[in-house]
Amino acid sequence: MSHPSPIQRRVTRKIRVGSVYVGGDAPITVQTMTNTDTCDVEATVAQIQRCVNAGADIVRVSVPSMDAAEAFGVIRQRVPGVPLVADIHFDHRIALAVAEKGVDCLRINPGNIGSDDKVREVVDCARHHGISMRIGVNAGSLEKDIQKKYREPTGEALLESAMRHIDILDRLNFHEFKVSVKASNVFLTLDAYRLLSKQIDNPLHLGVTEAGVFRSGTVKSAIALGGLLLDGIGDTLRVSLAAEPEEEVKVGFDILKSLGIRSNGINFIACPSCSRQEFDVIRVMQALEARLEDVRLPMDVSVIGCKVNGPGEAKEADIGVVGASPKSLVYRHGEKSHLIPTATLVDEIEKMVRERVAEETARQSRIIVKG
Ligand code: SF4
């Protein structure tokens, strides 16, 4: 029963990162980055798997050395089908090595590779293997002359830096790339992306770099990325948190979910609770969130502590529960349905959600058989 998003998305070129598309009419993708030692293949593969289970569309892996490139080759084979980006700085030989090992996208700035020959070699190799690239500009590592010219990081400074790298790829007639202009400051982030979106039609990778620890970084990212997404800017995003990468993925989807752009599971609607609550709303919601983390079917589930706001919210949800004692009232698709024991709300709501998932799975299979 989600309301469609009124956001008009800016039209961008569509590029491919392995099995997913970024830009154009493709859904806005959520990505993250591993924080394990890439040479520790077991740990990195396990982390990638956890990120994919959390819903990650794309996973970036840092490849700082030729040893890491070797390990990347093994990781690639262990997670077939997962779109992988290799994060490389300066050394073009690493880019060539991971290209041979099946990378889907190179995060590398052409202006930092060195001679024209090296840049051309990387671009030819990417073209040959159907690999896309990401240009990533960060406010904290702008070129010295740009720092001098602007004195401090500004939107214009980030734009100028990005355009230098973009021009190099344009001159080589390579257009399969996306661009990020990240800063840790919300206003700088908004400014830089808004300026860049007026200059190019390549897809934009959104992010607030070094956003911080989980809570404050989430808020900062939600404001900056939310502001850009409301402007229709952004084709893929990463929430950078000092937290486990799978948490970044969940926050990324929560931002998209809040704007009605893309859902990855349940959109919970719950009241903050007060002395009128007929059950312990906070405890019930914590339990439900943990139990239903694996559900990917988009649905609105409203769980409200009493009849003051319960019916209004329940009518708008796919499944709605209005707290009362000893039995709470369930709404399905906006209509009153039945009563459930309030003492076992978590079990009852989980059961209804899983039944809905099973019904939808059966419906999808019937469509496939008929098709
Ligand atoms: S819906 Fe009821 S329990 Fe929840 S905050 Fe409002 S008055 Fe309190």
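Just so it is clear, the values below take in all heavy atoms, side chains as well, and ignore hydrogens, waters and symmetry mates. Just so you know, ligand 1 is whichever comes first in the structure, and atom 1 is the first atom listed for that ligand. Source: prediction; values computed, not measured.
Residues Leu229 and Ile28 have side chains in contact (heavy-atom distance under 4.5 Å, counting atoms from C-beta outward). Contact of the Leu206 side chain with the Arg238 side chain is not registered, since no non-hydrogen atoms from C-beta on lie closer than 4.5 Å.
The proximity of Ser273 to ligand 1, defined as any non-hydrogen pair under 4.0 Å, is limited to the backbone.
Backbone or side-chain N, O or S atoms of Cys271 do not reach atom 2 (Fe) of ligand 1 at under 2.8 Å.
Shortest contact from atom 6 (Fe) of ligand 1 to any protein heavy atom: Asn309 ND2, 3.7 Å. In terms of protein heavy atoms, atom 8 (Fe) of ligand 1 is closest to Cys274 SG, 2.3 Å. Among all protein heavy atoms, the one lying closest to atom 1 (S) of ligand 1 is Ile304 CG2, 3.5 Å. Here the protein heavy atom with the shortest distance to atom 2 (Fe) of ligand 1 is Cys306 SG, 2.3 Å.
Here is the list of ligand 1 atoms found below 4.0 Å of a heavy atom in Gln277: 3 (S).
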side-chain hydrogen bond (donor to acceptor under 3.5 Å, both in side chains), that's the test. Do Gln47 and Asn35 meet it? Break it down for me. CA-CA 8 Å; Gln47 194 171 60; Asn35 60 14; 2.7 Å; yes
Run the numbers on Thr36 and Thr44 for side-chain hydrogen bond (donor to acceptor under 3.5 Å, both in side chains), then give the verdict. CA-CA 6 Å; Thr36 50; Thr44 306; 2.8 Å; yes
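A donor-acceptor pair shorter than 3.5 Å cannot be found between the side chains of Glu143 and Gln147.
Geometrically, Lys14 engages Tyr21 in a cation-pi contact, judged by NZ or CZ lying under 6.0 Å from the ring centre and within 45° of the ring axis.
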